[in-house]
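Chain letters run A, B, ... following the sequence lines, proteins first, then strands; residues in each count from 1.
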There are 2 protein chains.
Amino acid sequence: MIKYSNQTRVLVAVDCIILGFDGSDYKLLLIQRGFAPEKEKWSLMGGFLQPDETLDNAANRILQRLTGLEDVYLEQMHTFSKPDRDPIERVIGVVYFALIDIKKYQQQINDDFHARWFAMKDLPGLIFDHEEMVQMALTKLRYKAALHPILFELLPEKFTLPQLQAMYEGLYETKIDKRNFTRKVLSSNILRKEDEKDKTGSKKGAYFYTIDEEQYKENFQTILKFIPKNEIPAASES
Amino acid sequence: MIKYSNQTRVLVAVDCIILGFDGSDYKLLLIQRGFAPEKEKWSLMGGFLQPDETLDNAANRILQRLTGLEDVYLEQMHTFSKPDRDPIERVIGVVYFALIDIKKYQQQINDDFHARWFAMKDLPGLIFDHEEMVQMALTKLRYKAALHPILFELLPEKFTLPQLQAMYEGLYETKIDKRNFTRKVLSSNILRKEDEKDKTGSKKGAYFYTIDEEQYKENFQTILKFIPKNEIPAASES
DNA sequence: TCAAAAGTGTTTTCTATACACCCATGA
DNA sequence: TCATGGGTGTATAGAAAACACTTTTGA
């Protein structure tokens with residue numbers, strides 16, 4: 001087989017930023033790296049691109065291997081390429097970011113990888129350029145969540161409005177007026193109110209809501225405004 | 001030197017989507033590919049990632065080689081990875097997209113590459129998956145330009161409001177009310193009115209404006225609303 | 001009975017949109 | 001002088017924001 005001549009071939013790693021929300025904190029799923037270099041240090045879950053798969057395939061494969069989850073929100077974010085980012089040899093890193101419901105994950109945790117959730121505000125040092133990757137993901141999430149109903153991916157099937165609001169407030173580190181927030185969220189028609197109440201958070205109990213999948217898909221691309229515009233952060237690219 | 005074992009290394013191509021606006025049409029700069037496969041067919045300008053450069057370096061190098069331009073708006077867009085996208089061997093394609101002022105380019109065209117501007121609405125068939133790349137870039141530009149003053153990158157130093165409006169109308173294939181558009185654009189404080197007029201488009205002449213670089217940088221991340229919200233298109237990612 | 005969280009409306013301000021006429025000039 | 005494109009203001013409707021009290025109930 002003919003090949004392009006005189007060109008250097010490199011390894012392609014796919015790294016997954018897996019984010020969850022536990023009701024009060026954003027969390028990142030990390031693994032303890034099992035091989036050199038930087039063995040035992042914390043790292044994003046990743047792997048090398050295989051000959052017959054696309055990057056999307058690889059990211060899904062990696063995510064599935066670690067969490068057992070499929071049909072997760074997963075999006076290609078950016079490709080990192082500093083020549084010395086991996087000390088062993090040149091590897092370019094394609095980063096995906098995933099949003100998952102922590103509860104779903106906990107049922108099928110795969111502990112072969114020594115995985116652990118870390119609060120975003122309290123991350124350990126990470127190998128290579130993984131900290132930069134996480135920082136970019138957070139910036140991007142803040143940007144995107146201000147415009148699209150993406151954060152719903154982090155919630156269990158049933159959730160309450162106070163939970164939803166806490167999630168937005170956590171991401172933007174701000175307080176949002178309850179009445180205005182409720183009105184905006186409900187006016188999107190994405191939510192369906194259930195009869196049942198969640199009594200774990202208060203004595204009175206808060207009504208559960210579920211996603212109207214139909215409306216969710218239809219409105220996903222629409223520009224929504226769940227958070228006050230002064231809180232809308234910088235764009236994902238500089 | 002130790003390497004990771006049992007892994008496949010692949011070529012990394014960097015392809016540049018170079019967009020311009022000529023006053024009435026969006027144009028894409030293409031080259032006639034000089035080597036097999038698909039020799040003589042039209043293609044995005046690209047090249048292989050070299051051992052000591054980052055992807056950003058590579059994209060700038062390629063852009064510079066073709067257009068002679070530096071300090072151009074250039075952004076990494078997406079990495080394409082279908083295993084058979086290049087028939088010769090496996091190559092993953094990192095796509096950058098660039099916005100340039102066509103006038104500036106024409107002064108220093110490098111014709112070693114048989115480059116030519118094609119109107120976006122009248123593109124030739126492209127090699128490999130380059131058409132998909134262009135389509136994604138257009139979607140992304142429509143999305144981003146609705147929120148950030150990115151289109152200014154396409155304009156010469158001095159331009160008129162009718163030219164600016166035509167650029168927005170062209171991208172969204174719509175008509176915008178002149179009075180509302182003017183008010184919104186000027187309220188951003190990004191523009192500075194010059195005394196001079198452009199007489200090429202009409203007898204009365206239209207005032208030239210220039211960018212207030214200070215304000216431009218400050219407001220770039222701000223969410224602007226130059227175009228009516230019904231025209232805001234789907235997001236860049238699905 | 002009271003502490004703690006949930007739920008709910010109204011007023012005001014601001015922003016978006018719709019809409020039409022006069023101006024300047026070169027041919 | 002007139003045809004062509006450039007420039008400008010106002011009124012209306014809709015959305016965002018500010019703001020406080022009542023309800024429920026388990027401890």
Side-chain angles (χ1 to χ4, degrees), chain A residues 23-24 146-147 149 155 158-170 172 174-210 219 222-233, chain B residues 23-24 146-147 149 155 158-170 172 174-210 219 222-233:
Chain A
S24 45
L147 304 171
L155 291 168
K158 292 175 180 182
F159 53 88
T160 66
L161 292 182
Q163 280 166 18
L164 184 65
Q165 184 172 342
M167 192 167 58
Y168 276 89
E169 289 180 341
Y172 298 99
T174 186
K175 289 281 164 209
I176 302 174
D177 181 89
K178 191 167 43 163
R179 288 162 290 188
N180 292 337
F181 182 78
T182 305
R183 188 179 326 106
K184 284 184 192 184
V185 167
L186 294 180
S187 74
S188 74
N189 289 320
I190 289 176
L191 301 190
R192 214 167 332 124
K193 190 177 189 173
E194 302 292 319
D195 294 331
E196 201 185 344
K197 278 186 163 187
D198 171 31
K199 299 274 209 167
T200 62
S202 72
K203 297 164 182 175
K204 182 176 178 184
Y207 282 104
F208 278 119
Y209 286 79
T210 53
N219 285 316
T222 306
I223 305 277
L224 300 174
K225 292 146 201 171
F226 289 172
I227 65 154
K229 74 178 169 189
N230 289 338
E231 308 294 338
I232 296 182
Chain B
S24 45
L147 303 172
L155 290 168
K158 293 175 181 180
F159 53 87
T160 67
L161 292 182
Q163 280 166 16
L164 185 66
Q165 184 171 343
M167 193 166 59
Y168 276 89
E169 289 180 341
Y172 299 99
T174 186
K175 289 281 165 205
I176 301 174
D177 182 87
K178 189 168 44 164
R179 288 161 292 186
N180 293 337
F181 182 79
T182 304
R183 187 177 330 105
K184 286 183 190 181
V185 167
L186 294 181
S187 74
S188 74
N189 289 321
I190 289 177
L191 300 191
R192 213 167 330 123
K193 190 176 189 173
E194 303 292 319
D195 294 331
E196 200 184 348
K197 279 186 161 187
D198 170 31
K199 298 274 210 166
T200 62
S202 72
K203 297 163 183 176
K204 182 177 178 181
Y207 283 104
F208 277 119
Y209 285 79
T210 53
N219 285 314
T222 305
I223 305 276
L224 300 173
K225 294 144 198 173
F226 289 173
I227 65 154
K229 73 177 168 190
N230 289 340
E231 307 293 337
I232 295 181

Practice item. Apply salt bridge (charged side-chain N to carboxylate O under 4.0 Å, His left out) to B/R183 and list each qualifying residue two or more places apart in sequence or on a separate chain. Key: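 For B/R183 there are no salt bridge (charged side-chain N to carboxylate O under 4.0 Å, His left out) partners, ignoring immediate neighbours.
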Point to revise | Test salt bridge (charged side-chain N to carboxylate O under 4.0 Å, His left out) applied to A/K158 - qualifying residues, sequence neighbours left out | key: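 With neighbours one apart ignored, the set is A/E196.
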Tell me the interatomic distance from [X], atom [atom1], to [N], atom [atom2], rounded to whole angstroms.
{"X": "A/K184", "N": "D/dA15", "atom1": "NZ", "atom2": "C1'", "answer": "9 Å"}
{"X": "A/Q163", "N": "C/dG7", "atom1": "CD", "atom2": "P", "answer": "11 Å"}
{"X": "A/L186", "N": "C/dG9", "atom1": "CG", "atom2": "P", "answer": "12 Å"}
{"X": "B/K178", "N": "C/dC23", "atom1": "NZ", "atom2": "C1'", "answer": "11 Å"}
{"X": "B/I176", "N": "C/dC19", "atom1": "CD1", "atom2": "P", "answer": "16 Å"}
{"X": "B/L164", "N": "D/dG7", "atom1": "CG", "atom2": "C1'", "answer": "15 Å"}

Exercise for review: Could you walk me through whether B/T160 and B/Y209 pass side chain to side chain contact (heavy atoms under 4.5 Å, CB included), step by step?
Suggested key: CA-CA 6 Å; B/T160 67; B/Y209 285 79; 5.7 Å; no
Practice item. Using side chain to side chain contact (heavy atoms under 4.5 Å, CB included) as the criterion, list what pairs up with B/N189, not counting sequence neighbours. Key: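 Scan of B/N189 (side chain to side chain contact (heavy atoms under 4.5 Å, CB included), adjacent residues dropped) gives B/Q215.
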Using atom names, set out every protein N or O paired with an N or O of nucleotides 9-11 of chain D below 3.5 Å, distance rounded to 0.1 Å.
{"from": "D/dG9", "atom 1": "O6", "to": "B/R183", "atom 2": "NH2", "distance (Å)": "3.2"}
{"from": "D/dT10", "atom 1": "O4", "to": "B/R183", "atom 2": "NH2", "distance (Å)": "2.9"}

**Study point:** Which nucleotide in C/dT8, D/dA17, D/dT8 has an atom nearest any side-chain atom of B/K193
**Key:** D/dT8
Check your understanding: Considering residues at least two apart in sequence or located in another chain, which fulfil the ring-ring contact (aromatic ring centres under 6.0 Å, His included) criterion with B/F181?
Key -> B/Y168
**Study point:** Residue-level proximity of residues 194-209 of chain A to DNA chain C when a heavy atom falls under 4.0 Å
**Key:** A/G201, A/S202, A/K204, A/G205, A/A206, A/Y207
What closest approach, in Å, do [X] and [Y] show between heavy atoms, and which atom pair accounts for it?
{"X": "A/T210", "Y": "A/E194", "result": "OG1-OE2, 2.8 Å"}
{"X": "B/G23", "Y": "B/A166", "result": "O-CB, 4.1 Å"}
{"X": "A/Q163", "Y": "A/D198", "result": "NE2-OD2, 3.3 Å"}

